[in-house]
Amino acid sequence: MHTFSQELDAVPPYSFELTVHNPAGWFWHNPLEVYEAGRIWTALHLSPGKAIGLRLESLGILEKPKILATIFSRRKLTNRDENEVIEMVREGAGLRDNILEFYEAVKTDPILKHTIHDLYGMRRGAMLRTDIFNSATLAITLQNAPINRTDQMLQLLITNCGQKMTFDGKTTYTWPSPKSIMNADAEELTKKCKLGYRTKYLQFIAVAVQRQTCPKIKELLEMPFEKAKAELTKLKGIGEYSSEIILPHGQAFPIDIWSAQIFHKLFFPHRPLPSKQEAVQIVRKQAAERWGRWRRLAFVYVLSDLDNLSQKLKVNL
DNA sequence: GCGTCCAGGTCTACC
DNA sequence: GGTAGACCTGGACGC
């Protein structure tokens, strides 16, 4: 194994653990990543088809953050590949974000004033990616399914179609590449990964990503939010909710029936819960008016702090 | 055990 | 342009 290491700075305050370790009870880059005491191990594909292992380690403290990134690869990487990975880490771990701007904007908000205290230094972590396929895979498996079903589909997809990587004494997997899903037999994929009707959507998106007929993450970010959303909803299986899972914009607010009920209780604690679909529309509108361009961060902060919010605001979440 | 319902959306046929 | 109904799968529930 070849290794390449680089120390990275982050804009303080920066909490490595809150950002990458089970954010909102979920994963950072991939459901099969490994986290142990200030270190995380994961794996990803570099285009085209090169798999690498990645270890991130926190060397600093909240007000003087420093992250050591180490890349593990079977063949020596080019400088360009190394730079691409480091750039993905900077983006995915939110190292450049100035979180103090967000804190200043929401410091008097009756809900967020608690969460920014409880989760001081947390960033909105994002998957390591240059194309939409990882996040589209997540979005498709979240649709019309309770969380344990989603988890089952993701685990099966990754262990059957991702690439297994053993390095630095740890074993983990990459997300499945678009090529591996595009070339898989549809019937076999459905059966092995228990995807049901979702197989056809996943394969449709895999083809679009592989043939580059849909925008990359960087291109989406350069578009206005509504235009970027319209581009994504052209894809079969991607509606409003799924597009907001994928979009990198700060205005994205991927609200579903479950989270809509939580946010409705927080926004309107004395109102009865409306129908599920109504709650989604009401919450979406309220979040846009109240949190504007900060609503994606607000979303992550609230869902990462439900126990504390329940106690402080005396709401049963 | 067995049948029925429905979930952390989206598409399509039909009006 | 709006909206029921269908869609995989598996856990919860009633009997």
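The analysis underlying the following values was restricted to heavy atoms, covering all of them including side chains, and did not include hydrogens, waters or symmetry mates.
- Here the side chain of A:R271 pairs no donor or acceptor atom with the backbone of A:F268 at under 3.5 angstrom.
- Taking the P atom of each, B:dG8 and C:dT3 are spaced 24 Å apart, rounded to whole Å.
- Salt bridge A:D118/A:K312: present, at least one basic N to carboxylate O contact under 4.0 Å.
- Side-chain proximity of A:K276 to C:dC8, B:dA7, B:dT10: nearest is B:dA7.
- Comparing C:dC8, B:dG8, C:dG10 by their nearest atom to the side chain of A:Q152 picks out C:dG10.
- Spacing between atom CD of A:Q277 and atom P of B:dG9 amounts to 8 Å, rounded to whole angstrom units.
- Within the cation-pi definition used here (under 6.0 Å to the ring centroid, within 45° of the axis), A:K236 does not qualify as a partner of A:Y201.
- Remark: the backbone N or O of A:M153 is not paired with any side-chain donor or acceptor of A:T141 at under 3.5 angstrom.
- Between the NZ atom of A:K200 and the P atom of B:dG9 there is a distance of 16 Å, rounded to whole Å.
- When the C1' atom is used for both C:dG5 and B:dC5, the distance is 15 Å, rounded to whole Å.
- Taking the P atoms as reference points, C:dG10 lies 24 Å from B:dC11, given to the whole Å.
- Rounded to whole angstrom, the span from the CG atom of A:L156 across to the C1' atom of C:dG10 amounts to 13 Å.
- As a whole-Å value, the separation of A:L138 CG from B:dG9 P is 12 Å.
- Checking B:dG8 for Watson-Crick or G-U wobble geometry (two distances, each under 3.5 Å) identifies no partner in any strand.
- Distances were taken from every side-chain heavy atom of A:Y201 (C-beta onward) to each of C:dC7, B:dG8, B:dC11; the shortest belongs to B:dC11.
- In this structure, A:I245 places its CD1 atom 10 Å from P of B:dG9, rounding to the nearest Å.
- Among the heavy atoms of the strands lying under 4.0 Å from A:I257 are primed sugar atoms or P, OP1, OP2 only; no base atom is included.
- Using a 4.0 Å heavy-atom distance criterion, A:T150 is classed as making no nucleic acid contact.
- Regarding A:I205, its CD1 atom lies at a distance of 13 Å from the C1' atom of B:dC11, rounded to whole Å.
- Scanning atom types as modelled, no donor and acceptor separated by under 3.5 angstrom connect the side chain of A:R198 and the base of C:dC7.
- For the OP1/OP2 pair of C:dG10 and a distance below 4.0 Å, the side-chain nitrogens and oxygens of A:K194 include at least one atom meeting the criterion.
- Out of C:dG10, C:dC8, B:dG8, the shortest distance to the side chain of A:L142 is found at B:dG8.
- No hydrogens or angles were tested; on distance alone, a donor-acceptor pair under 3.5 Å links the side chain of A:Y197 to the base of B:dG9.
- Residue A:S242 has a polar side-chain atom (N or O) positioned under 4.0 Å from OP1 or OP2 of B:dT10.
- If you check every strand for non-hydrogen atoms under 4.0 Å, A:I140 touches nothing.
- A:N160 places a side-chain N or O within donor-acceptor distance of the main-chain N or O of A:L156, the cut-off being under 3.5 Å.
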